[in-house]
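Here the structure is laid out as structure tokens; the discussion comes afterwards.
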Amino acid sequence: MEEWHNPACSKTPLPFLFTPGSSFCPTSRPNTPSQASNLSESATSLHVAQHTDTASSLSIHPQPDWRRLLFLWGEKSREPILALDAARTVVFASRTAREQCGLHTGMTLEEQWWTSLEKDWSIEEQSLEDAAGTRLYLLRTRTAPLPARTEPHVFPAIATNSPLYRKQLQTARIAAASLSHTLLLGETGCGKEVLAKAIHDSSPRKDGPFIAVNIASLPKDLLASELFGYADGAFTGAKKGGQIGKFEAANHGTLFLDEIGEMTLEHQVLLLRVLEEKKVTRLGSHTEKELDVRIIAATNRLLEEDVRNGLFRADLFYRLNVLPIRIPPLRERKEDIAALAKEFLGQLHEQYKGGPNALCETVLLALHQHSWPGNIRELRNVMERAFLHAFSEARISVQHLPPEWAWTTSTEQAPQADDPSPLLRTLEKQTILQAIQDAPSMSAAAKKLGIARSTLYRKMGELGIGQLSDSRA
């Protein structure tokens, strides 16, 4: 991040103190000793007068309420203004900061919160020197974009806000630049094929084919012919002239073997031979063909346990497990849920040429609280279902979510979660407070949140949000 400019250290000229051509202008040099003497006496008088006036002014006028001044300034300013206390909690966010930067009062920002803003904004910092250690930030629009950064720990092909996933993507970056086989580990629906394709597209083989095979979807008696191909007359019903297998089809490219843990021991032997010799022989043929194929395998099983139990060959496991990458399940990287949901919503809106194009705040809260046993595939399913139910509306609200998510509906049922985490309760509280702050009435706030007014009052009681005046009711 570039060095911040401190307004307190600004060297802005003060034209109201000196006028060009006057005897007090610092650019005018005295021509005679008498002029120099007069200038010295005048400057001394001015200093004494200024000191007297300042002391008198401080004794007459009380210190201004900077919070009120900040609020008035912030609502008028076209530039975002932000105030943080020592714990990086937002104590003030101007109207422009809320609308253009998504910053709201009560939010606690990450330690390096400015990194997501510095691309578009130049940030100036000023200490308010109060007991809370409050610091004021003024965000100015950049006139020129920052040069692109190179971060070796980021894998650009996959976007994620999860530190846990970013750490795994370091290995993905290494895998993309190497020729070694890669093993993707993760639950069903967590995006293993997406990552495999991203590794291929970021590798020197990107111009070659990417062939994906789901081992579990193929009948066991056809798996060998599908992978290795067959010659003319290899078996009854064989295609005249034979058929190339997936290995040959992926030559000079990448072969993605999904659900590798479902492969039988007999087929594992054949696969291991191909990987070791880098040659393939079609069924019914004696001719070996050279191969240049990179293997990316994936499984939702614990292959180490399968090796110990004799269900998976140890030699094949070590062949594939050169660069293992564990994809965290969605419940462990909830930082990505909002971005994924909005991406799916955009895809659906484009596909159907209509429908809702926004999500209610309480929908995002509900998505964060769900455990997602089906991971990203389940999230895609939920978003499509909600999109179709809300097709005639402008945005998706909680009543469009699955009915088994009872606590998120506008009924008076209590939440299903026994003890939601402090992070989720804080998120829920911030969402409600922001809606109340932005809405002219409690009814409008409830409508903005997509819940009944009675549900809003109940939530306020559960979260310790005090009642407002009757004028806001």
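Predicted model, so just to flag it, every value in this text is computed and none were measured. Count residues from 1 along the sequence.
Distance check, rounded to the nearest 0.5 Å: CD of Glu262 to CG of Asp306 gives 8.5 Å. With rounding to the nearest 0.5 Å, the separation of CG in Leu275 from CG in Leu270 is 11.0 Å. Atoms CG and NZ, on Leu164 and Lys334 in that order, are 14.0 Å from each other to the nearest 0.5 Å. Arg395 CZ to Leu359 CG: the interatomic distance, rounded to the nearest 0.5 Å, is 9.5 Å. With rounding to the nearest 0.5 Å, the separation of CG in Leu227 from CG in Leu257 is 6.5 Å. Note that CZ of Phe312 and CG of Leu320 are 5.5 Å apart. Values are rounded to the nearest 0.5 Å.
Of the possible donor and acceptor atoms, one in the side chain of Gln168 sits under 3.5 Å from a partner among the backbone N and O of Arg326. Between the side chain of His267 and the backbone N or O of Met263, no donor-acceptor pair lies under 3.5 Å. No side-chain donor-acceptor contact under 3.5 Å links Trp372 to the backbone of Ile337. Side-chain atoms of Asp258 never come within 3.5 Å of backbone atoms of Glu193 as a donor-acceptor pair (strictly under, hydrogens ignored). Formation of a donor-acceptor pair under 3.5 Å by the Ser217 side chain with backbone atoms of Asn214 is found in this model. A donor-acceptor pair under 3.5 Å is formed between the side chain of Asp85 and the backbone N or O of Ala87. Judged purely by atom type and a 3.5 angstrom limit, Asn381 has no side-chain atom pairing as donor or acceptor with the backbone of Arg377. With hydrogens and angles ignored, the 3.5 Å screen pairs a side-chain donor or acceptor of Lys192 with a backbone N or O of Gly186. Put simply, the side chain of Ser202 never gets that close to the backbone of Ile199: no donor and acceptor are under 3.5 Å apart. Without hydrogens or angle criteria, Glu226 side chain to Leu218 main chain gives no donor-acceptor distance under 3.5 Å.
Glu350 CD: 12 or fewer foreign heavy atoms inside a 6.0 Å radius. The number of heavy atoms from other shown groups lying within 6.0 Å of CZ (Arg273) does not exceed 12.
At a cut-off of 3.5 Å, with distance as the only test, no side-chain donor of Thr108 or Arg88 sits close to an acceptor on the other residue. In this model, a donor atom of one side chain and an acceptor atom of the other lie less than 3.5 Å apart for His400 and Glu393. Using a 3.5 Å distance cut-off with no hydrogens or angles, the side chains of His370 and Glu378 do pair a donor with an acceptor. Remark: the Arg294 side chain and the Thr182 side chain contain an N/O donor-acceptor pair separated by less than 3.5 Å. Checking Ser162 against Asp336 by side-chain atom types alone, no donor-acceptor pair falls below 3.5 Å.
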Quiz item: After noting the C-alpha distance and the side-chain angles of Met442 and Tyr457, does the key distance pass the side-chain contact (heavy atoms from CB on, under 4.5 Å) rule?
Solution: CA-CA 9 Å; Met442 295 299 291; Tyr457 279 115; 3.6 Å; yes
Practice problem: Take Ile296 and His181 through the test side-chain contact (heavy atoms from CB on, under 4.5 Å) and record every step on the way to the result. | Solution: CA-CA 6 Å; Ile296 300 180; His181 302 316; over 6 Å; no
Exercise. List the steps and the verdict of side-chain contact (heavy atoms from CB on, under 4.5 Å) for Asn375 and Thr188.
Key: CA-CA 7 Å; Asn375 292 293; Thr188 299; 5.7 Å; no
Exercise. For salt bridge (Lys or Arg N to Asp or Glu O under 4.0 Å), just list the numbers for Glu290 and Lys278, CA-CA rounded to whole Å, side-chain angles, deciding distance to a tenth of an Å, and then say yes or no.
Key: CA-CA 6 Å; Glu290 298 285 343; Lys278 298 183 179 180; over 6 Å; no
Exercise. Could you check Lys220 against Glu266 for side-chain contact (heavy atoms from CB on, under 4.5 Å), going step by step and ending with a plain yes or no?
Key: CA-CA 10 Å; Lys220 292 181 175 59; Glu266 293 79 9; over 6 Å; no
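The side chain to side chain donor-acceptor pair (under 3.5 Å) test with Thr254 singles out one residue from Arg205, His200, Lys206, and that residue is His200.
Using a 4.5 Å cut-off on side-chain heavy atoms (C-beta onward), Thr264 and Gln268 make no contact. For the pair Tyr165/Leu195, a side-chain contact is recorded, criterion being any heavy-atom separation below 4.5 Å from C-beta on. Side-chain contact between Ile158 and Val194: present, with at least one pair of heavy atoms (C-beta onward) separated by less than 4.5 Å. The side-chain heavy atoms of Met107 and Thr89, taken from C-beta on, include no pair separated by under 4.5 Å. The shortest side-chain heavy-atom distance between Cys190 and Ile376 does not fall under the 4.5 Å cut-off. A 4.5 Å side-chain heavy-atom check between Leu271 and Ile260 finds at least one atom pair inside the cut-off. Taking 4.5 Å as the limit, every side-chain heavy atom of Val213 sits out of range of all side-chain heavy atoms of Phe256.
Of all the heavy atoms in Pro209 and Ala249, the pair that sits closest is CG-O, 3.3 Å. Contact record, Pro356 with Ala390: CD-O, 3.3 Å, taken as the closest heavy-atom pair. The two atoms that bring Ala93 and Arg98 nearest to each other are O-NH1, 2.8 Å, heavy atoms only. Between Ala341 and Leu367 the shortest heavy-atom distance is CB-CD1, 3.7 Å. For the residue pair Val382 and Pro402, the shortest heavy atom distance occurs at CG1-CD, 4.0 Å. Scanning both residues, Leu265 and Gly310, for their nearest heavy atoms gives CD1-O, 3.8 Å.
A cation-pi contact links Arg380 to Phe344, judged by a cut-off of 6.0 Å to the six-membered ring centre and 45° from its axis.
Under the rule for a side chain to side chain donor-acceptor pair (under 3.5 Å), the partners of Asp315 that lie at least two apart in sequence or sit in another chain are Arg313.
In this pair, His349 and Phe387 present their aromatic rings perpendicular. The plane angle is above 60°, beyond the 30 to 60° band.
Salt-bridge formation is not detected for the pair Glu259/Arg301: no Lys NZ or Arg NE/NH1/NH2 atom is positioned less than 4.0 Å from an Asp or Glu carboxylate oxygen.
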